[in-house]
Q: 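First, the structure itself, so that you have it in front of you.
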Amino acid sequence: MAPWALTETINHYTGLSPAAFFTIVALMVVTYKVVCSMFVAAEDYVAVKKTNEFVVREPVQLEDVTEEELRAYDGSDPNKPLLMAIKGQIYDVSRSRMFYGPGGPYALFAGRDASRALALMSFDTKDLTGNIEGLSASELEVLQDWEYKFMEKYVKVGQIIPKRTEQNNIGDEVEPSKTDGNESRENITEGNDAK
């Protein structure tokens with residue numbers, strides 16, 4: 001069959017030019033492939049679901065930890081909970097692993113006190129600190145909004161304490177850190193006196 005015969009046949013049977021006919025055929029093939037990719041075989045779906053599944057477990061109460069100890073809970077170990085702190089209060093954010101876990105948009109906040117960064121709405125690593133000194137009233141208000149959101153959504157599992165020394169064991173009373181900017185720490189120290 002000659003090429004001109006094919007074009008005449010397409011035009012005669014479909015009323016379309018060969019370019020329009022092959023464009024429509026190409027679109028139909030692409031549509032077929034897209035629709036087929038939406039439906040996954042059941043065994044493939046189960047396999048994908050298992051690889052993406054994280055065990056959601058009850059939050060573990062840590063009590064008091066230092067900032068260095070908190071860094072172990074940054075999501076790099078899937079067997080540990082995913083934690084972050086605001087104003088010295090540590091929250092279990094494991095249920096939002098897609099946001100705070102490795103590869104998530106807020107992953108740099110995990111395992112840290114991100115108070116300053118949240119108040120400034122900053123992703124700069126120098127702002128990943130609990131030091132809120134020098135923040136404006138509006139920045140402190142933003143931080144307070146973040147804290148309320150965390151209090152509503154996540155379980156508080158502990159608090160950050162200053163670095164441990166040989167005399168400063170877990171049961172010892174500690175002075176609040178000047179750099180953590182957490183006024184509620186004074187209340188915690190007073191609460192230890194009542195024990």
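Just so you know, residue 1 is the first one in the sequence shown, and it goes up from there.
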Q: Determine whether L70 and I90 make a side-chain contact, defined as any pair of heavy atoms from C-beta on separated by less than 4.5 Å.
A: yes
Q: Tell me whether K80 forms a cation-pi arrangement with Y73, defined as NZ or CZ under 6.0 Å from the six-membered ring centre and within 45 degrees of its axis.
A: yes
Q: Going by the angle between their ring planes, with limits at 30° and 60°, are Y106 and Y100 parallel, tilted or perpendicular?
A: tilted
Q: If the threshold is 4.0 Å, N to carboxylate O, is there a salt bridge linking R112 and E67?
A: no
Q: Under a 4.5 Å cut-off applied to non-hydrogen side-chain atoms, are V93 and F150 in contact?
A: yes
Q: Hey, what do you get for OG (S17) to CD1 (I10), rounding to the nearest 0.5 Å?
A: 9.0 Å
Q: Between W146 and S115, is any pair of side-chain heavy atoms under 4.5 Å apart?
A: no
Q: What do you reckon, is CZ of F123 surrounded by more than 12 foreign heavy atoms closer than 6.0 Å?
A: yes
Q: Nearest heavy-atom pair of P102 and A107: which atoms, and what distance?
A: CA-CB, 4.4 Å
Q: Which atoms form the tightest heavy-atom contact between D124 and S122, and what is the distance?
A: N-OG, 3.0 Å
Q: Hey, are the side chains of Q144 and K87 touching, using non-hydrogen atoms and a 4.5 Å cut-off?
A: yes
Q: Between R95 and K153, is the side-chain contact (heavy atoms from CB on, under 4.5 Å) condition met? List the steps.
A: CA-CA 10 Å; R95 61 191 265 193; K153 187 171 183 178; 4.2 Å; yes
Q: What are the two closest heavy atoms between A114 and F109, and how far apart are they?
A: CB-CD2, 3.8 Å
Q: Does N131 offer a backbone N or O that forms a donor-acceptor pair with the side chain of R116 under 3.5 Å?
A: yes
Q: Do the side chain of E152 and the main chain of K149 share a donor and acceptor less than 3.5 angstrom apart?
A: no
Q: Between E147, M151, K156, which is the residue that forms a side chain to side chain contact (heavy atoms under 4.5 Å, CB included) with I86?
A: E147
Q: Please indicate whether E68 has more than 12 foreign heavy atoms, meaning atoms of other residues, nucleotides or ligands, lying under 6.0 Å from its CD.
A: yes
Q: What distance do L82 atom CG and D77 atom CG have between them, rounded to the nearest 0.5 Å?
A: 11.0 Å
Q: Any donor-acceptor pair under 3.5 Å linking the side-chain atoms of S94 with those of Y154?
A: no
Q: Is there a continuous path of hydrophobic side-chain contacts, each under 4.5 Å between heavy atoms, that joins Y13 to I24?
A: no
Q: Applying side-chain contact (heavy atoms from CB on, under 4.5 Å) to L118 and V142, what does each step give before you reach the verdict?
A: CA-CA 8 Å; L118 290 171; V142 168; over 6 Å; no
Q: In the structure I gave you, are the side-chain heavy atoms of Y91 and V157 within less than 4.5 Å of one another anywhere?
A: no
Q: Of all heavy-atom pairs between A119 and L135, which one has the smallest distance, and what is that distance?
A: CB-CD1, 3.6 Å
Q: Looking only at heavy atoms, what is the nearest atom pair of R97 and P78, with distance?
A: NH2-O, 4.5 Å
Q: Mind checking whether V30 and L27 have side chains closer than 4.5 Å, heavy atoms only?
A: no
Q: Measure from the side-chain N and O atoms of D113 to the backbone N and O of G88, and report whether any donor-acceptor pair falls under 3.5 Å.
A: yes
Q: Hydrophobic clustering (ILVMFWY, side-chain heavy atoms < 4.5 Å, transitive) - are L6 and V25 grouped together?
A: yes
Q: Between E69 and T66, what is the shortest heavy-atom contact and its length?
A: OE1-N, 2.9 Å
